[in-house]
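Worksheet for the structure shown next.
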Amino acid sequence: MGRDTISEIITSIRNADMKKKRTVRIASTNITENFVKILLREGFIENIRKHRESKKNFLVSTLRHNRRIYKTILKRISRPGLRIYSNYQQIPRILGGMGIAILSTSRGIMTDREARLEGVGGEILCYIW
């Protein structure tokens, strides 16, 4: 059975925030790096740094203290058992544009706003509001 890396990221960030931990350690892959960079750009996390431990790479993310992530909803949409795809015209607007949807497109992982501007659709990974 394969691993669902996006769900692991969302769960680890949510759990660390509920326990009021300042940092989260996530296994480093191309998908996780791009996903965490979007969270950094959108202001959900404060800092990212790479860490190497016993021949494995990790991303250490610093959470923001003034923004409670677990009160903010991180909801996984597309999952391994049920993939959800959308073209760029039908990408949902989360809370009328207040939240974001993260998509995996042919041009990489991007937010719903970026996908609409570039005119590409893809797999809807998660909603954040």
Side-chain angles (χ1 to χ4, degrees):
M1 187 172 207
R3 294 174 45 181
D4 186 11
T5 56
I6 302 299
S7 291
E8 288 178 7
I9 295 170
I10 290 171
T11 303
S12 62
I13 290 174
R14 190 183 303 130
N15 289 343
D17 195 49
M18 284 194 296
K19 289 290 186 179
K20 298 180 182 172
K21 292 192 176 200
R22 182 139 169 88
T23 60
V24 177
R25 196 173 91 166
I26 302 166
S28 179
T29 63
N30 288 336
I31 294 171
T32 57
E33 284 183 28
N34 292 332
F35 191 86
V36 171
K37 284 178 186 177
I38 288 176
L39 292 178
L40 177 67
R41 220 177 342 160
E42 295 292 326
F44 290 101
I45 59 176
E46 191 173 300
N47 192 8
I48 307 170
R49 64 183 168 86
K50 286 190 177 182
H51 179 69
R52 185 171 177 89
E53 186 176 301
S54 65
K55 297 184 180 180
K56 292 186 179 181
N57 292 324
F58 294 98
L59 294 174
V60 179
S61 302
T62 306
L63 301 178
R64 286 196 180 276
H65 279 298
N66 60 353
R67 189 171 192 168
R68 302 301 300 169
I69 293 180
Y70 75 90
K71 290 183 181 176
T72 303
I73 306 297
L74 290 147
K75 185 176 181 184
R76 179 78 159 124
I77 301 301
S78 184
R79 50 193 169 88
L82 178 65
R83 303 287 185 188
I84 307 295
Y85 297 95
S86 176
N87 62 15
Y88 79 97
Q89 297 149 336
Q90 295 175 342
I91 296 172
R93 294 186 191 279
I94 312 305
L95 289 180
M98 297 282 289
I100 62 169
I102 298 179
L103 286 85
S104 175
T105 67
S106 59
R107 296 184 188 166
I109 296 177
M110 59 180 62
T111 64
D112 57 340
R113 285 179 235 125
E114 294 169 344
R116 277 190 211 95
L117 285 175
E118 292 194 24
V120 294
E123 180 183 355
I124 301 173
L125 298 176
C126 68
Y127 295 155
I128 303 173
W129 74 89

Check against side-chain contact (heavy atoms from CB on, under 4.5 Å), Ile102 and Ile6: CA-CA 11 Å; Ile102 298 179; Ile6 302 299; over 6 Å; no
Using the side-chain contact (heavy atoms from CB on, under 4.5 Å) rule, take Glu42 and Thr111 through it: C-alpha gap first, then chi angles, then the decisive distance, then the call. CA-CA 9 Å; Glu42 295 292 326; Thr111 64; 3.7 Å; yes
Quick one, Ile77 with Lys75, criterion side-chain contact (heavy atoms from CB on, under 4.5 Å). Give me CA distance, side-chain angles, the key distance, then yes/no. CA-CA 6 Å; Ile77 301 301; Lys75 185 176 181 184; 4.1 Å; yes
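Remark: Ile48 CD1 to Thr62 OG1 distance equals 9.0 Å, nearest 0.5 Å. Atom-to-atom distance recorded for Leu74:CG and Arg14:CZ is 5.5 Å, nearest 0.5 angstrom. Note: Arg64 CZ to Asp17 CG = 12.5 Å, rounded to the nearest 0.5 Å. Note: Ile91 CD1 to Glu114 CD = 10.5 Å, rounded to the nearest 0.5 Å. Separating the CD1 atom in Ile10 from the SG atom in Cys126 is a distance of 4.0 Å, to the nearest 0.5 Å. Annotation: the span from Ile26 atom CD1 to Thr11 atom OG1 amounts to 10.5 Å, rounded to 0.5 Å.
Closest approach of Val24 to Ala16, counting heavy atoms only: CG2-CB, 3.4 Å. Between Leu40 and Asn47, the shortest heavy-atom contact is CD1-N, 3.9 Å. The two residues Asp4 and Pro80 come nearest to each other via the heavy atoms OD2-CD, 3.6 Å.
With sequence neighbours excluded, the residues satisfying salt bridge (charged side-chain N to carboxylate O under 4.0 Å, His left out) with Lys50 are Glu33. Shown here are the side chain to side chain donor-acceptor pair (under 3.5 Å) partners of Ser104, two or more places apart in sequence or in another chain: there are none. With sequence neighbours excluded, the residues forming a side chain to side chain contact (heavy atoms under 4.5 Å, CB included) with Ala101 are Ile94, Leu103, Asp112, Tyr127, listed by chain and number. Residues that satisfy the side chain to side chain donor-acceptor pair (under 3.5 Å) test with Thr5, not counting sequence neighbours, are absent from this structure. The side chain to side chain donor-acceptor pair (under 3.5 Å) test applied to Arg113 returns no partner, not counting sequence neighbours. Remark: Asn57 engages Arg52 in a side chain to side chain donor-acceptor pair (under 3.5 Å) (not counting sequence neighbours).
Other residues sharing the hydrophobic cluster of Met110, ordered by chain and number and joined by side-chain separations under 4.5 Å: Val120. Leu117 belongs to no hydrophobic cluster with other residues, because no ILVMFWY side-chain heavy atom falls under 4.5 Å from its own, directly or through intermediates.
Judged as a side chain to side chain donor-acceptor pair (under 3.5 Å), the pairs with a partner in residues 78-102 (not counting sequence neighbours) are, in order, Ser78-Glu123, Arg83-Glu123. Legend: salt bridge (charged side-chain N to carboxylate O under 4.0 Å, His left out) pairs involving residues 96-109, not counting sequence neighbours, sorted by first then second residue: Arg107-Glu118.
If you chain together hydrophobic residues whose side chains sit under 4.5 Å apart, Ile124 and Ile73 fall into the same group. Clustering ILVMFWY residues whenever any of their side-chain heavy atoms sit less than 4.5 angstrom apart, transitively, puts Phe44 in the very cluster that holds Ile31.
Here the side chain of Arg25 pairs no donor or acceptor atom with the backbone of Leu59 at under 3.5 angstrom.
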